[in-house]
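Here's the structure, in structure tokens; my notes come after.
If you're wondering where the values come from, they're calculated on a predicted model, not measured in any experiment. In this chain, residues are counted from 1 in sequence order.
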Amino acid sequence: EAVDPDPASETGPRAVTGWDGSYVGVGFGRVWASPDGRTWSSSALPEADPGYGWDIVAAPGFLVALGSSGERAETWVSTDGTAWTRSGDPDLGPAGGYSYTSIEGMTAGPSGVVAVGTESGGGVQHPMAWWSADGLDWVRTGDALVGGGARDVASGAPGYVMVGAD
């Protein structure tokens, strides 16, 4: 049976994850919570662009939602799936003459959360990667990556793997 988490509109979660025996989803600047996958409630992500909210991952002890705020990638963290804190970390923003960053994929692994995406501006772009132990404080790790842009990342026994496109 299909369940529409937001029957009053054409928006709903773009991504969902299991959390503490329930479900949490993110999309379009909002977070959805459900105890059973059938009944949903939603709330706005603080300082989120209303059209965005791309992914959500569960890490040990916290959730990380991913989206945008202005011309930069952004993350929000929650320890209960209800109250969210915006990262605001400047390392998620563009650097070195670029004007826009976006995160396309994110995963949680034994070393923390890894996010991948693209930094672009002036008709050029390159893939980027960021790492965080807590989802709030991020370290740019992809400044030396080459190619067109990163699309997704996964965690496995040997480490992390990123996929992208030219």
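In terms of heavy atoms, Gly37 sits closest to Trp40 at O-NE1, 3.3 Å. Scanning both residues, Ser120 and Gln125, for their nearest heavy atoms gives CB-CB, 3.6 Å. Closest non-hydrogen pair, Ala73 versus Ile103, comes out as CB-CG1, 3.4 Å. Of all heavy-atom pairs spanning Tyr23 and Asp36, the tightest one is CE1-C, 3.9 Å. When all heavy atoms of Ala150 and Met162 are compared, the pair lying nearest together is CB-SD, 3.4 Å. Shown here for Ala59 and Trp19, the closest heavy-atom pair between the two residues is O-CZ3, 3.8 Å.
Val161 and Met106 are not part of a single hydrophobic cluster, where members link through side-chain heavy atoms under 4.5 Å apart. Taking hydrophobic clusters as Ile, Leu, Val, Met, Phe, Trp and Tyr residues chained together by side-chain heavy-atom distances below 4.5 Å, Tyr98 does not share a cluster with Trp130.
Trp84 contributes no side-chain N or O that, together with a main-chain N or O of Pro46, makes up a donor-acceptor pair within less than 3.5 Å. With hydrogens and angles disregarded, a donor-acceptor distance shorter than 3.5 Å links the side chain of Thr101 to the backbone of Leu92. Of the possible polar contacts, one joining the Ser132 side chain to the Asp137 backbone as a donor-acceptor pair under 3.5 Å is found. Using a distance-only test at 3.5 Å, with no hydrogens or angles considered, no donor-acceptor pair links the side chain of Arg14 to the main chain of Gly25.
Side-chain contact between Pro94 and Arg72 is present, with at least one heavy-atom pair separated by less than 4.5 Å. Contact annotation: the side chain of Trp32 approaches that of Ser42 to within less than 4.5 Å [non-hydrogen atoms, C-beta and beyond]. Considering only heavy atoms from C-beta on, Val31 comes within 4.5 Å of Val24 through its side chain.
For the pairing with Ser87, the side chain to side chain contact (heavy atoms under 4.5 Å, CB included) check across Leu66, Thr75, Val64 returns one residue only, Thr75.
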| field | Check against side-chain contact (heavy atoms from CB on, under 4.5 Å), Leu63 and Val57 | value | CA-CA 6 Å; Leu63 293 159; Val57 297; over 6 Å; no
| message | For a side-chain contact (heavy atoms from CB on, under 4.5 Å) check, start with the C-alpha distance between Asp134 and Val77, then their side-chain angles and the critical distance, and finish with the verdict. | response | CA-CA 8 Å; Asp134 62 6; Val77 173; over 6 Å; no
| task | Let me see the working for Ser22 and Asp20 under side chain to side chain donor-acceptor pair (under 3.5 Å), right down to the final yes or no. | result | CA-CA 6 Å; Ser22 63; Asp20 197 25; over 6 Å; no
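In this view, Asp152 and Val163 satisfy the side-chain contact (heavy atoms from CB on, under 4.5 Å) rule, not counting sequence neighbours.
Between Glu119 and Arg140, at least one side-chain N (NZ, or NE/NH1/NH2) sits under 4.0 Å from a carboxylate O, which counts as a salt bridge.
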For residues 107-116, run the donor-acceptor check on the side chains, cut-off 3.5 Å, and write out each pair with its distance to 0.1 Å, sequence neighbours left out.
none

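Here the CH2-CZ distance, from Trp76 to Phe62, works out to 16.0 Å after rounding to the nearest 0.5 Å. One finds the CZ atom of Arg30 at 9.5 Å from the OG atom of Ser41 (value rounded to the nearest 0.5 Å).
Annotation: salt bridge (Lys or Arg N to Asp or Glu O under 4.0 Å) contacts involving residues 79-88, sequence neighbours excluded, comprise Glu47-Arg86, Glu74-Arg86.
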